[in-house]
Amino acid sequence: QVQLVESGGGLVQAGGSLRLSCAASGRTFSSYAVGWFRQAPGKEREFVAAITWSGSSTRYAESVKGRFTISKDSARNTVFLKMNSLKPEDTAVYYCATRSGSYVLTDERDYDYWGQGTQVTVSS
């Protein structure tokens, strides 16, 4: 089993920044990818960003390109999502998830383990 714990969410004004963290523990895959997804009220969960554990490959949703940056700290088994220039439409519960394999995929069905989520609220 792999346990994922997200942190760093909160309330921020439009134009502000937040950094989310996803800490992994338990059994880890020799090669795996970590993704961030989000779910706004009344909407389906959507892909935000993903990274391979080597850091060699990243992928972003069009809606966050240029504003969000995904990165990882291998020594701490932690993946980060730095979010700049936040907009009210970024308001959602943000989840991190992991999957075995070294491809950065965007479909949530490809991910095996999920965290509980952290709330991000952007006020206008």
Side-chain angles (χ1 to χ4, degrees):
Q1 282 282 42
V2 176
Q3 292 80 42
L4 301 174
V5 178
E6 303 96 334
S7 62
L11 174 64
V12 64
Q13 288 188 330
S17 299
L18 283 174
R19 189 180 77 159
L20 305 184
S21 300
C22 173
S25 61
R27 183 171 73 92
T28 56
F29 301 108
S30 58
S31 65
Y32 59 96
V34 176
W36 283 98
F37 293 78
R38 66 186 182 186
Q39 186 167 23
K43 295 187 177 181
E44 294 186 351
R45 190 155 53 186
E46 64 176 2
F47 170 78
V48 176
I51 188 169
T52 54
W53 199 246
S54 67
S56 62
S57 182
T58 58
R59 194 166 181 179
Y60 296 91
E62 287 297 324
S63 59
V64 306
K65 273 184 181 178
R67 299 189 299 123
F68 290 12
T69 302
I70 190 170
S71 62
K72 52 89 177 177
D73 183 335
S74 300
R76 293 164 57 185
N77 283 337
T78 301
V79 171
F80 304 99
L81 184 68
K82 181 64 187 299
M83 307 184 295
N84 296 325
S85 302
L86 283 162
K87 305 174 182 179
E89 51 263 45
D90 294 318
T91 294
V93 178
Y94 283 70
Y95 300 89
C96 68
T98 188
R99 62 177 299 275
S100 60
S102 55
Y103 296 103
V104 283
L105 302 179
T106 63
D107 191 330
E108 62 175 313
R109 293 170 295 182
D110 292 314
Y111 288 78
D112 305 305
Y113 299 98
W114 292 79
Q116 293 300 306
T118 185
Q119 176 70 47
V120 171
T121 303
V122 185
S123 63
S124 57

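Just so you know, residue 1 is the first one in the sequence shown, and it goes up from there.
- Separating the CD1 atom in Ile51 from the SG atom in Cys96 is a distance of 13.0 Å, to the nearest 0.5 Å.
- Distance CD/Gln3 to CD/Gln1: 6.5 Å, rounded to 0.5 Å.
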I'd like to know whether Thr118 forms a side-chain contact (heavy atoms from CB on, under 4.5 Å) with Leu20, so could you lay out the CA-CA distance, the side-chain angles of the two residues, the decisive distance to 0.1 Å, and finally the verdict. CA-CA 8 Å; Thr118 185; Leu20 305 184; 4.0 Å; yes
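- Judged purely by atom type and a 3.5 angstrom limit, Thr52 uses its side chain to pair as donor or acceptor with the backbone of Ser57.
- Side-chain atoms of Leu4 and Thr98, non-hydrogen and from C-beta on, do get closer than 4.5 Å to each other.
- Note on Phe80 and Val120: separate hydrophobic clusters, where clusters join Ile, Leu, Val, Met, Phe, Trp and Tyr whose side-chain heavy atoms are under 4.5 Å apart, directly or indirectly.
- For the pair Ile70 and Trp36, the minimum side-chain heavy-atom distance is below 4.5 Å.
- Residues Val64 and Val12 fall within the same hydrophobic cluster, defined by Ile, Leu, Val, Met, Phe, Trp and Tyr side chains chained together at heavy-atom separations under 4.5 Å.
- Closest non-hydrogen pair, Tyr111 versus Ala33, comes out as CE2-O, 4.3 Å.
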Derivation and outcome, side-chain contact (heavy atoms from CB on, under 4.5 Å), residues Met83 and Asp90: CA-CA 9 Å; Met83 307 184 295; Asp90 294 318; over 6 Å; no
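- How far OG of Ser21 is from NZ of Lys82: 11.5 Å, rounded to the nearest 0.5 Å.
- Formation of a donor-acceptor pair under 3.5 Å by the Arg45 side chain with backbone atoms of Gln39 is not found in this model.
- Among all heavy-atom pairs drawn from Ser124 and Pro88, the shortest one is CB-CG, 3.9 Å.
- To the nearest 0.5 angstrom, Ser17 atom OG is 6.0 Å from Leu86 atom CG.
- No side-chain donor-acceptor contact under 3.5 Å links Ser85 and Lys87.
- Taking NZ of Lys72 as the start and SG of Cys22 as the end, the distance is 14.0 Å to the nearest 0.5 Å.
- Seen from the ring of Tyr94, Arg38 does not count as a face-on cation partner, given the 6.0 Å and 45° thresholds.
- The structure places CG of Asn84 at 9.0 Å from CZ of Arg67, a figure rounded to the nearest 0.5 Å.
- Between Thr78 and Trp53, the closest heavy-atom pair is N-CH2, 3.8 Å.
- Here the shortest heavy-atom pairing between Gln116 and Glu6 reads N-OE1, 3.0 Å.
- Each of Phe37 and Tyr113 belongs to its own hydrophobic cluster when Ile, Leu, Val, Met, Phe, Trp and Tyr are linked at side-chain heavy-atom distances under 4.5 angstrom.
- Asp73 meets the salt bridge (charged side-chain N to carboxylate O under 4.0 Å, His left out) test with Arg76; sequence neighbours excluded.
- Closest approach of Leu105 and Phe47 over heavy atoms only: O-CE1, 3.8 Å.
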Output, in order, the C-alpha distance, side-chain angles, deciding distance and verdict of side-chain contact (heavy atoms from CB on, under 4.5 Å) for Leu81 and Thr69. CA-CA 6 Å; Leu81 184 68; Thr69 302; over 6 Å; no
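- Side-chain atoms of Thr91 come within 3.5 Å of backbone N or O of Val122 as a donor-acceptor pair.
- At least one side-chain heavy atom of Ser100 sits less than 4.5 Å from a side-chain heavy atom of Asp112.
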